[in-house]
Amino acid sequence: VLLLKTMQGEIDMMDQYIGTPTNKAVLYDAREKGGYEFYTLTQTDANTMCFILNLNHNDETKRALFNNRDFRAAMSLAVDRQSLIDAVLVGQGEPAQPSIKKGDPLYNEQLATQYTDFDPAKANAMLDKIVPKRDSANVRLDEKGRRLTIIFEIDQARTVFLDMLQLVMPMFKEVGIYAQFRSMDRSLWETRVRQGRDFDATCHIFGANGGIAAMLDPRYYVPKDNNSFYAPGWQLWYRDRGNARAVEPPASTKRQLELYDKLTATSDDAERLALMKQLLQGAAEEFYVFGVSVPPDGYGVVKKNMRNVTKTMPNSFGWPTPGPTRPEQFFKG
């Protein structure tokens with residue numbers, strides 16, 4: 001419905017949800033009829049999609065498995081990123097983990113590139129050491145003899161994620177993981193994922209920054225708030241240690257949090273940069289989450305009668321788009 005409204009000229013200006021790679025060709029062809037043009041969004045996101053396992057899961061067996069770094073690395077190696085880029089992102093981008101873009105002062109090669117090769121044989125070999133038993137359908141069995149099932153719970157509005165997951169689920173099944181995804185209304189997703197502890201996994205990215213902007217929201221590098229969906233209990237311990245649902249993190253994660261405290265307590269640019277580099281190296285060693293690719297620049301649509309709209313702007317939840325471009329000065333001519 002939103003796509004049709006845009007093509008018919010009913011939308012003055014919009015980018016979120018409508019500005020997907022698969023919509024671009026359709027929107028381009030309908031520009032004259034809809035009376036709109038495109039504007040460019042310079043992406044600050046850390047990735048196109050982030051796979052997030054719940055490291056504080058209420059299920060003890062799943063919690064132990066998800067906290068095994070080699071298990072997360074094996075899942076990452078099972079993903080054919082180039083096929084996702086070609087099929088869903090129309091060839092835009094290159095395989096990468098949630099990280100900092102090349103050329104940035106904070107770029108960390110290990111963080112950006114580790115476990116991005118598509119290597120199902122290696123993934124299988126690693127998983128054979130962790131969960132070796134399988135059933136008659138070749139699905140791995142956990143320590144309790146249950147099928148190793150991981151359900152990714154997704155906000156249904158994230159259509160790019162849904163397209164990717166259609167392709168990714170068979171990749172996980174190829175290495176013996178019975179993977180599924182469940183899309184749901186955003187309000188239910190907020191309750192299940194942001195406020196819950198029973199979900200297996202989710203996928204997200206919007207708002208997580210790369211580049212210098214990573215200092216504003218380093219959610220995938222340190223569990224600092226409730227956007228760090230991989231560690232709902234750890235982030236709660238950091239913010240409210242007296243909370244009954246808080247979970248004390250391991251020593252390595254505590255060091256990450258201490259670094260972030262030091263970073264936010266100083267106004268010295270050079271010291272902040274040095275501390276952030278340490279924090280990112282720690283994130284590379286922890287490997288909390290894994291992703292798909294470097295995000296390509298995005299786009300939005302704007303009616304031709306809109307004035308004072310900039311043709312290029314950052315695309316960031318923390319900036320936040322398009323707020324700093326002064327929308328109060330937009331008008332129709």
Side-chain angles (χ1 to χ4, degrees), residues 46-55 57 61-89 91 93-100 102 107-143 145-152 161 164-181 200-203 205 220-221 230 250 252 280-295:
N47 207 266
T48 50
M49 185 176 80
C50 186
F51 295 91
I52 303 167
L53 299 178
N54 181 3
L55 305 185
H57 204 299
T61 302
K62 286 191 173 182
R63 184 170 66 246
L65 197 58
F66 295 168
N67 273 275
N68 187 321
R69 188 184 188 279
D70 287 343
F71 179 80
R72 301 194 298 274
M75 287 192 69
S76 181
L77 290 168
V79 177
D80 184 354
R81 291 170 172 80
Q82 193 58 54
S83 71
L84 300 181
I85 293 168
D86 293 341
V88 182
L89 303 176
E94 61 181 278
Q97 304 291 12
S99 55
I100 313 299
K102 287 181 182 178
Y107 177 70
N108 182 302
E109 185 176 6
Q110 179 186 352
L111 180 66
T113 63
Q114 63 183 343
Y115 311 119
T116 55
D117 293 336
F118 176 47
D119 194 341
K122 185 175 181 180
N124 262 312
M126 293 173 72
L127 290 170
D128 285 344
K129 296 179 181 179
I130 305 168
V131 272
K133 295 180 180 179
R134 302 191 189 219
D135 64 12
S136 58
N138 210 33
V139 178
R140 296 181 186 277
L141 302 174
D142 67 17
E143 288 186 354
R146 304 172 300 184
R147 274 189 162 191
L148 176 47
T149 303
I150 301 178
I151 300 173
F152 290 83
F161 294 0
M164 285 192 180
L165 288 172
Q166 293 276 9
L167 301 174
V168 171
M169 297 299 99
M171 297 175 191
F172 290 147
K173 289 176 183 177
E174 282 294 314
V175 296
I177 297 172
Y178 189 59
Q180 302 172 304
F181 71 91
D200 293 340
T202 189
C203 291
I205 198 63
Y220 296 138
Y221 316 128
Y230 57 93
S252 57
L280 292 170
Q281 181 55 42
E285 293 163 4
E286 294 300 318
F287 194 62
Y288 295 122
V289 296
F290 57 99
V292 175
S293 65
V294 175

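We count residues from 1, following the sequence as given.
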*Is Lys173 atom NZ crowded by more than 12 heavy atoms from other residues, nucleotides or ligands, each under 6.0 Å away?*
yes

*Apply side-chain contact (heavy atoms from CB on, under 4.5 Å) to Val168 and Phe152, showing your working.*
CA-CA 11 Å; Val168 171; Phe152 290 83; over 6 Å; no

_Quick one: does any side-chain atom of Asp200 pair with a main-chain N or O of Ile151 as donor and acceptor, under 3.5 Å?_
yes

*Around atom CD of Gln114, are there more than 12 heavy atoms of other residues, nucleotides or ligands at under 6.0 Å?*
yes

*Do Phe161 and Thr202 touch side chain to side chain, with heavy atoms closer than 4.5 Å?*
no

_Considering all heavy atoms, the nearest Ala283-Leu111 contact_ = C-CD1, 4.0 Å

*So do Arg72 and Leu55 actually touch side chain to side chain, heavy atoms under 4.5 Å?*
yes

*Between Arg146 and Thr61, is any pair of side-chain heavy atoms under 4.5 Å apart?*
yes

*Please report the closest heavy-atom contact between Thr48 and Met164, naming both atoms and the distance.*
OG1-CE, 4.0 Å

*asked:* Does Gln180, at its CD atom, have more than 12 non-hydrogen atoms belonging to other residues, nucleotides or ligands within less than 6.0 Å?
replied: yes

*How many angstroms lie between CD1 in Ile100 and NZ in Lys102, if you round to the nearest 0.5 Å?*
14.0 Å

*Dump the intermediate steps for side-chain contact (heavy atoms from CB on, under 4.5 Å) on Val88 and Met49, then the final yes or no.*
CA-CA 12 Å; Val88 182; Met49 185 176 80; over 6 Å; no

*Return the orientation label for the Phe172 and Phe51 ring planes: parallel under 30°, perpendicular over 60°, tilted otherwise.*
perpendicular

_Any heavy-atom pair between the side chains of Phe181 and Gln166 that's under 4.5 Å?_
yes

_Just verifying a value: how many Å separate Met169 CE and Ile177 CD1, rounded to the nearest 0.5 Å?_
10.0 Å

Please tabulate, for the side chains in residues 123-131, all donor-acceptor contacts under 3.5 angstrom to protein atoms that are two or more places apart in sequence or on a different chain.
{"residue": "Asn124", "atom": "OD1", "partner": "Arg134", "partner atom": "NH2", "Å": "3.0"}
{"residue": "Asn124", "atom": "OD1", "partner": "Arg140", "partner atom": "NH2", "Å": "2.8"}
{"residue": "Asn124", "atom": "ND2", "partner": "Pro120", "partner atom": "O", "Å": "3.4"}
{"residue": "Asp128", "atom": "OD1", "partner": "Arg140", "partner atom": "NH1", "Å": "2.9"}
{"residue": "Asp128", "atom": "OD1", "partner": "Arg140", "partner atom": "NH2", "Å": "3.1"}

_Carboxylate-amine/guanidinium proximity below 4.0 Å for Asp135 and Arg147_ = yes

*Under 3.5 Å, is there a donor-acceptor pair between the side chain of Lys62 and the main chain of Thr149?*
yes

*Distance-minimising heavy-atom pair for Leu53 and Ala201*: CD2-CB, 3.8 Å

*Under the side-chain contact (heavy atoms from CB on, under 4.5 Å) rule, what do Tyr220 and Ile205 come out as? Steps first, then yes or no, please.*
CA-CA 9 Å; Tyr220 296 138; Ile205 198 63; 3.5 Å; yes

_Main chain of Glu94, side chain of Arg81: is a donor-acceptor contact present, judged purely on distance under 3.5 Å?_
no

*Indicate yes or no for a side-chain donor-acceptor contact from Ser99 to the backbone of Gln97 under 3.5 Å, with no hydrogens or angles considered.*
yes

*asked:* Donor-acceptor pair, distance only, cut-off 3.5 Å: does the side chain of Asn47 make one with the backbone of Cys50?
replied: no

*asked:* To check you understand the geometry: which heavy-atom pair defines the closest contact between Tyr288 and Tyr230, and what is its length?
replied: CG-CE1, 3.6 Å

_Nearest-0.5 Å distance, CG of residue Asn67 to CD of residue Glu286_ = 10.0 Å

*Evaluation steps, side-chain contact (heavy atoms from CB on, under 4.5 Å), between Ile150 and Met75*: CA-CA 11 Å; Ile150 301 178; Met75 287 192 69; 3.9 Å; yes

*Measuring from Glu143:CD to Leu148:CG, what's the distance to the nearest 0.5 Å?*
11.5 Å

*Gln281 and Gln110: side chain donor to acceptor below 3.5 Å*: yes

_Under the rule for ring pair (Phe, Tyr, Trp, His ring centres under 6.0 Å), what residues qualify as partners of Tyr115, not counting sequence neighbours?_
Phe287

*Any chance OH of Tyr107 has more than 12 other-residue heavy atoms, nucleotides or ligands included, within less than 6.0 Å?*
yes

